[in-house]
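The structure under discussion appears below in the form of structure tokens.
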Amino acid sequence: MHTQIFTITGTNADAESLSQAADIIAQGGLVAFPTETVYGLGANGLNAQAVQNIFTAKGRPLDNPVILHIADYNQLYTLVRSISATAERLITEYWPGPLTLLFPKSSLVPDVVTAGLDSVAIRMPNHPIATEFITLAGCPVAAPSANRSGKPSPTQAAHVVDDLFGSIDAIIDGGEVAIGIESTVLDVTQSTPQLLRPGAVTKEQLEALIGTVTEVRHSNVPRAPGMKYKHYAPTAQVVVVDSQHALHAALAMHASATVRVLSYPNAELMAHQLFRDFRECDAQGVQVIIVEAVPEDHLGAAVMNRLLKASRKE
Ligand code: TXA
Ligand code: MG
């Protein structure tokens with residue numbers, strides 16, 4: 001398959017590029033696009049066959065549901081059966097933004113989107129290109145991260161090219177993303193909201209607004225179907241260290257391997273660069289990536305979640 005690349009340049013040509021990309025969605029094709037979190041691989045979320053093709057292109061297991069991306073509130077009402085008071089407050093405060101919410105799905109949403117679940121995940125991205133693209137497509141855009149399944153999420157168009165060029169119809173190149181890790185996923189269909197995936201809207205921020213939020217730890221009975229799959233992993237082995245002592249021990253242990261040490265001054269920069277650095281290490285044939293931990297609160301909780309998943313060997 002030929003993959004078209006639309007580069008957004010900040011000129012008048014952008015409108016034409018985005019309308020061509022949106023036409024591809026309307027016709028059932030697959031287009032990768034930037035959001036503020038990571039790049040998504042989009043399809044018309046109401047076209048079951050198009051959504052099915054996302055799974056094929058990514059090599060994604062069919063039991064892992066995808067998020068519907070919307071650009072205006074009117075779209076939301078057609079996709080859900082109800083909106084709780086808690087959901088209303090979160091939407092008012094954090095949409096558009098890196099917060100995905102679960103709702104009871106309406107009959108309009110194809111089963112392939114939700115992997116047969118009764119709930120649908122919806123997000124309104126905060127990125128001008130994503131907003132314009134979704135608006136022009138005229139439908140909710142189903143989109144997982146635009147990586148091959150199991151690889152780190154793409155934070156720039158070149159990462160999408162590496163993973164999916166030749167397997168999808170088009171890529172909108174809107175430069176590097178702002179945040180660098182995927183959105184917070186919150187289940188507000190339960191009486192106590194459950195954090196299914198930590199992200200840039202932090203647990204602390206959520207609890208300040210809506211009270212106690214329970215957190216789903218890794219278990220054999222995953223609440224978010226995606227939780228049971230290894231994620232965000234480079235080919236290299238990832239070792240996490242939380243002290244200088246542990247760093248020296250890890251360096252000694254891997255003395256005969258090609259090693260790279262990654263260290264970040266804070267969680268924001270770690271979120272912004274971690275996935276890109278993973279990909280760079282793989283491209284350079286690094287065998288062991290040693291990463292210095294950051295404190296596990298606020299955004300640190302989200303980025304450490306990705307790091308620890310990448311370091312798990314199963
Ligand atoms: O920032 C993001 O969320 C990016 C951008 C493109 O929006 N998207 C993204 O999608 O990370 P994906 O498919 O890579 O991750 C979505 C997560 C998965 O863990 C999936 O299992 C969970 O959300 N999920 C989606 N729908 C769900 C549902 N109905 N119930 C429970 N979990 C759901
Ligand atoms: Mg993903």
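Both counts, for ligands and for their atoms, begin at 1 and track the order of listing.
- When each atom of ligand 1 is checked for a heavy atom of Gly40 under 4.0 Å away, the hits are 6 (C).
- By the 3.5 Å distance cut-off applied to N or O atoms, Thr114 is not counted among the residues near ligand 1.
- With sequence neighbours excluded, the residues that form a salt bridge (charged side-chain N to carboxylate O under 4.0 Å, His left out) with Glu36 are Arg123.
- Each of the atoms 18 (C), 20 (C), 21 (O) of ligand 1 lies under 4.0 Å from some heavy atom of Asn64.
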In sequence, state the C-alpha distance, the side-chain angles, and the governing distance for Gln20 and Glu16, and then conclude on side-chain hydrogen bond (donor to acceptor under 3.5 Å, both in side chains). CA-CA 6 Å; Gln20 282 183 37; Glu16 177 57 23; 2.9 Å; yes

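- Distances from the Mg ion (ligand 2) show that Ser145 has an N/O/S atom below 2.8 Å.
- Both Ile8 and Ile24 are members of a single hydrophobic cluster when ILVMFWY side chains are connected at heavy-atom separations under 4.5 Å.
- The closest side-chain donor-acceptor pair between Lys203 and Thr184, if any, does not fall under 3.5 angstrom.
- Of all the atoms in ligand 1, the ones that sit under 4.0 Å from a non-hydrogen atom of Arg197 are 2 (C), 3 (O), 9 (C), 11 (O), 15 (O), 16 (C), 17 (C).
- Listed by number with element, the atoms of ligand 1 under 4.0 Å from a non-hydrogen atom of His69 are 5 (C), 6 (C), 7 (O).
- Within the structure, ligand 1 lacks Lys105 among the residues with a heavy atom less than 4.0 angstrom away.
- When only modelled atom types and interatomic distance are considered, Asp163 and Tyr39 share no side-chain donor-acceptor pair under 3.5 Å.
- No part of Asp187 comes within 4.0 Å of ligand 1, judged by heavy-atom distances.
- Taking all heavy atoms of Ser145, Ser119, Ala130 into account, the minimum distance to atom 29 (N) of ligand 1 is reached by Ser119.
- In Arg60, the part holding a heavy atom less than 4.0 Å from any atom of ligand 1 is the side chain.
- At least one N or O atom of Arg123 sits closer than 3.5 Å to an N or O atom of ligand 1.
- With distances taken over non-hydrogen atoms, the option nearest atom 12 (P) of ligand 1 out of Pro144, Ala115, Gly116 is Pro144.
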Please lay out, stage by stage, how Thr35 and Thr37 fare under the test side-chain hydrogen bond (donor to acceptor under 3.5 Å, both in side chains). CA-CA 5 Å; Thr35 79; Thr37 57; 2.9 Å; yes

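- Under the side-chain contact (heavy atoms from CB on, under 4.5 Å) criterion, Asp72 pairs with Asn74, Gln75, sequence neighbours left out.
- Looking at Ser153 and Arg306, their side chains never bring a donor and an acceptor atom within 3.5 Å of each other.
- For Glu182, no nitrogen or oxygen atom sits less than 3.5 Å from a nitrogen or oxygen atom of ligand 1, counting backbone and side chain alike.
- Under 3.5 Å, the side chains of Asn53 and Gln49 contain a donor-acceptor pair of N or O atoms.
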